[in-house]
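To start, the structure itself, in structure tokens.
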Amino acid sequence: MIYIALNLVPILIATLAGLAIGAVFWRRAASDAALRRLLPFALVAEFWLASILAGALILAPPRGSAWTMALGSAFVIWIGFVVPALIVTQRVRSVRWGAIGTDCAHWLAVMLVQAAVMQAWGLVPPPVS
């Protein structure tokens, strides 16, 4: 996990970008007080998501366009892990499909923006042992 320390700046910038996406998405749905209460949790979650995504981007095979690989990796992780988890947990709670779709769209936007930020900033792979 040394790659997190090596890429702390792009991961932090991606974290802030993800928080900004969340602020735009949830501004109308939640009060300012609720958003402030959730901020510490969202900050940790966005940082962890950006960290794991950074690892995936570092490990992605360098085929074709680096941008296609970065955004494609974010999409595959979203569709393969985030969407199924959201659907199952939200449906167990009887959340409407429209709200689930909004949640899924939020996390897709976050992951694509985080991947774009880290791709633009540049990630440093860990040293080879």
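In what follows, residues are counted from 1 in the order of the sequence shown.
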Common cluster, [X]/[Y], ILVMFWY with side-chain heavy-atom separation under 4.5 Å:
X	Y	answer
Leu43	Ile4	no
Trp48	Leu112	yes
Val83	Trp97	yes

Inter-residue atom distance [X].[atom1] - [Y].[atom2], 0.5 Å rounding:
X	Y	atom1	atom2	answer
Gln114	Ile52	CD	CD1	11.5 Å
Arg96	Arg91	CZ	CZ	10.5 Å
Asp103	Leu86	CG	CG	6.0 Å

So do His106 and Val110 actually touch side chain to side chain, heavy atoms under 4.5 Å?
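A side-chain contact under 4.5 Å exists here.
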Sequence neighbours excluded and cut-off under 3.5 Å, please list the side-chain donor-acceptor pairs for residues 64-79, or say none.
from	atom 1	to	atom 2	distance (Å)
Ser65	OG	Trp67	N	3.1
Ser65	OG	Thr68	N	3.3
Ser73	OG	Met69	O	2.7
Trp78	NE1	Cys104	O	2.9

What are the two closest non-hydrogen atoms of Met118 and Ala50, and how far apart are they?
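The pair with the smallest heavy-atom distance is CE-O, 3.4 Å.
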Who else is in [X]'s hydrophobic cluster (ILVMFWY, side-chain heavy atoms under 4.5 Å, direct or via others)?
X	answer
Val24	none
Val44	none
Leu59	none

Distance-only check: which donor-acceptor pairs under 3.5 Å involve side-chain atoms of residues 5-21, not counting sequence neighbours?
from	atom 1	to	atom 2	distance (Å)
Asn7	OD1	Val124	N	2.6
Asn7	ND2	Tyr3	O	2.8
Asn7	ND2	Val124	O	2.8
Thr15	OG1	Ile11	O	2.8

By ring-ring contact (aromatic ring centres under 6.0 Å, His included), which residues pair with Phe81, not counting sequence neighbours?
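Testing Phe81 for ring-ring contact (aromatic ring centres under 6.0 Å, His included), a comparison that skips the adjacent residues, returns none.
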Check the pair Trp107, Thr102 against side-chain contact (heavy atoms from CB on, under 4.5 Å), reporting the backbone distance first and the verdict last.
CA-CA 9 Å; Trp107 288 110; Thr102 301; over 6 Å; no
